Amino acid sequence: LTSLSGNEITVPVDLSNKEQGERVAHLQIRDVKLPDRIEVLNITPASLRLRLERTLSQAAPIRPRTEGSLPDGLEIYEVAINPDRILIEGPEREVRRTEYLSTETVDLSGRDVTFTLLVDVEVPSPLRVVGSEQVNLTVRLGEKRVRKIISAVPVLLEGGAVASRPASSKRITVELW
C-alpha cells in the first residue's frame, strides 16, 4: 500500500441516465477500480453533488495581452492574430459567458521591429479548445506618428463637372498622421 498512488485508483460514475441540473451521484465500494489484492473499506464522501449541463461549442474571439514599453520614438501600428477566433467547448453556461479569450502575455520591452510569435491562448477551466490552442501574433511597429489637424482647407472642383447646386462648405478639415 505504501507505493499505491491516486493515479492507480478510479471510481467510474455513470451519468448517462441523469438529466441536466443539480444532481447527486452515489459512489459505491463495488465500483472502485484498483490493483488486485487491495480491498476498499470506505469511500468518503459517499456521494457527490454535481451540476450537469449540455455541452456547447462556439467560436470565441482572441485578444492580445501585452506588457512593457517600446523604445522612445516607436508605436504599435497594428496587432493581428491569426486565427482571430478559436472554437471552444464546455458547459453551456460557461461557453455563453465567455466574451473573449486572451493570449499569453507578450513582452514589448526592447522590441524595435515588427515581429510575429506563436503564442498560447489562455483557456479557463472547464472550457477546452477544439483544435490548436496556439495562434500567430503579429505586432507591426513603426515610427511614432504625429497627429495634426488642418482646418479651412479649400476644396477645388476639377474635371469640367458642374455642380447642380453650390457646395454647402468650400472648406474642410483634414486630419493627418
Side-chain angles (χ1 to χ4, degrees), residues 5-8 10 13 15 20-22 48-177:
S5 72
N7 299 355
E8 299 173 80
T10 59
V13 176
L15 301 175
Q20 293 183 51
E22 296 288 331
L48 298 175
R49 193 171 214 38
L50 306 169
R51 176 165 181 75
L52 301 180
E53 291 185 49
R54 187 174 6 172
T55 298
L56 180 67
S57 297
Q58 177 176 298
I62 304 167
R63 291 188 184 170
R65 183 180 298 136
T66 61
E67 69 180 9
S69 300
L70 294 172
D72 288 340
L74 293 179
E75 70 176 72
I76 296 174
Y77 287 174
E78 175 188 28
V79 178
I81 298 174
N82 187 19
D84 63 350
R85 300 175 156 275
I86 58 174
L87 188 62
I88 57 171
E89 73 177 13
E92 182 176 24
R93 183 176 4 161
E94 295 299 321
V95 171
R96 289 195 189 284
R97 173 184 304 172
T98 303
E99 294 178 31
Y100 64 91
L101 301 173
S102 297
T103 65
E104 61 185 311
T105 302
V106 174
D107 189 4
L108 300 176
S109 302
R111 302 268 187 180
D112 58 0
V113 294
T114 295
F115 63 94
T116 299
L117 298 173
L118 185 62
V119 296
D120 289 324
V121 175
E122 294 180 4
V123 182
S125 181
L127 302 178
R128 59 197 162 280
V129 171
V130 178
S132 176
E133 293 181 5
Q134 293 184 317
V135 295
N136 286 304
L137 175 86
T138 300
V139 179
R140 194 165 65 90
L141 304 177
E143 287 183 34
K144 190 167 273 190
R145 297 171 285 194
V146 177
R147 181 176 178 212
K148 184 171 185 175
I149 297 176
I150 302 173
S151 297
V153 175
V155 176
L156 303 175
L157 302 176
E158 297 179 350
V162 177
S164 61
R165 59 188 150 121
S168 60
S169 171
K170 294 183 181 176
R171 295 188 178 270
I172 61 171
T173 300
V174 177
E175 185 174 348
L176 305 172
W177 286 101

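Because the structure is predicted, anything quoted here is derived from the model rather than measured.
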Exercise. Please say whether more than 12 non-hydrogen atoms of neighbouring residues, nucleotides or ligands are located less than 6.0 Å from CD in Glu67.
Key: yes
Practice problem: Ignoring hydrogens and angles, tell me if any N or O in the side chain of Ser69 forms a donor-acceptor pair with the backbone of Ser109 under 3.5 Å. | Solution: no
Quiz item: With a cut-off of 6.0 Å (strictly less than), are more than 12 heavy atoms of other residues, nucleotides or ligands near CZ of Arg54?
Solution: no
Self-check item: Residue among Asp84, Leu137, Val135 satisfying side chain to side chain contact (heavy atoms under 4.5 Å, CB included) with Ile62
Solution: Val135
Self-check item: Any side-chain heavy-atom pair of Ile88 and Thr98 under 4.5 Å
Solution: yes
Practice problem: Starting at OG1 of Thr103, measure out to CZ of Arg65 and round the result to the nearest 0.5 Å. | Solution: 6.5 Å
Quiz item: Any salt bridge between Lys144 and Glu75, counting N to O under 4.0 Å?
Solution: no
Quiz prompt | From CG (Leu118) to OG (Ser132), nearest 0.5 Å | solution = 7.0 Å
Quiz item: Hey, what do you get for CD (Glu122) to CZ (Arg63), rounding to the nearest 0.5 Å?
Solution: 14.0 Å
Exercise. First locate atom CG of Leu141, then atom CG of Leu70, and finally report the distance between them rounded to the nearest 0.5 Å.
Key: 5.5 Å
Quiz item: Checking Glu89 side chain against Arg128 main chain: does a donor-acceptor pair fall under 3.5 Å?
Solution: no
Practice problem: Indicate yes or no: at least one non-hydrogen side-chain atom of Ile86 is less than 4.5 angstrom from one of Leu101. | Solution: yes
Quiz item: To the nearest 0.5 Å, what is the distance between CG (Leu127) and CD (Gln58)?
Solution: 10.0 Å
Exercise. Check step by step if side chain to side chain contact (heavy atoms under 4.5 Å, CB included) holds for Leu50 and Leu15.
Key: CA-CA 10 Å; Leu50 306 169; Leu15 301 175; 3.9 Å; yes
Quiz item: Has Arg140 got its NZ or CZ under 6.0 Å from the middle of the six-membered ring of Tyr77, at an angle within 45 degrees of the ring axis?
Solution: no
Quiz item: Is there side-chain contact between Arg96 and Leu56, with heavy atoms separated by less than 4.5 Å?
Solution: yes
Practice problem: Report the C-alpha distance between Asp112 and Leu74 in whole Å, list the side-chain angles of each, state the deciding distance to 0.1 Å, and finish with yes or no for side chain to side chain contact (heavy atoms under 4.5 Å, CB included). | Solution: CA-CA 7 Å; Asp112 58 0; Leu74 293 179; 3.8 Å; yes
Quiz item: Looking only at heavy atoms, what is the nearest atom pair of Gly90 and Val95, with distance?
Solution: N-CG2, 3.5 Å
Practice problem: Please say whether more than 12 non-hydrogen atoms of neighbouring residues, nucleotides or ligands are located less than 6.0 Å from CD in Glu22. | Solution: yes
Practice problem: Measure the spacing between CD1 of Ile76 and CZ of Arg111 and express it to the nearest 0.5 Å. | Solution: 11.0 Å
Practice problem: Look only at the side chain of Glu104 and the backbone of Asp120, and say whether a donor-acceptor pair between them is shorter than 3.5 Å. | Solution: yes
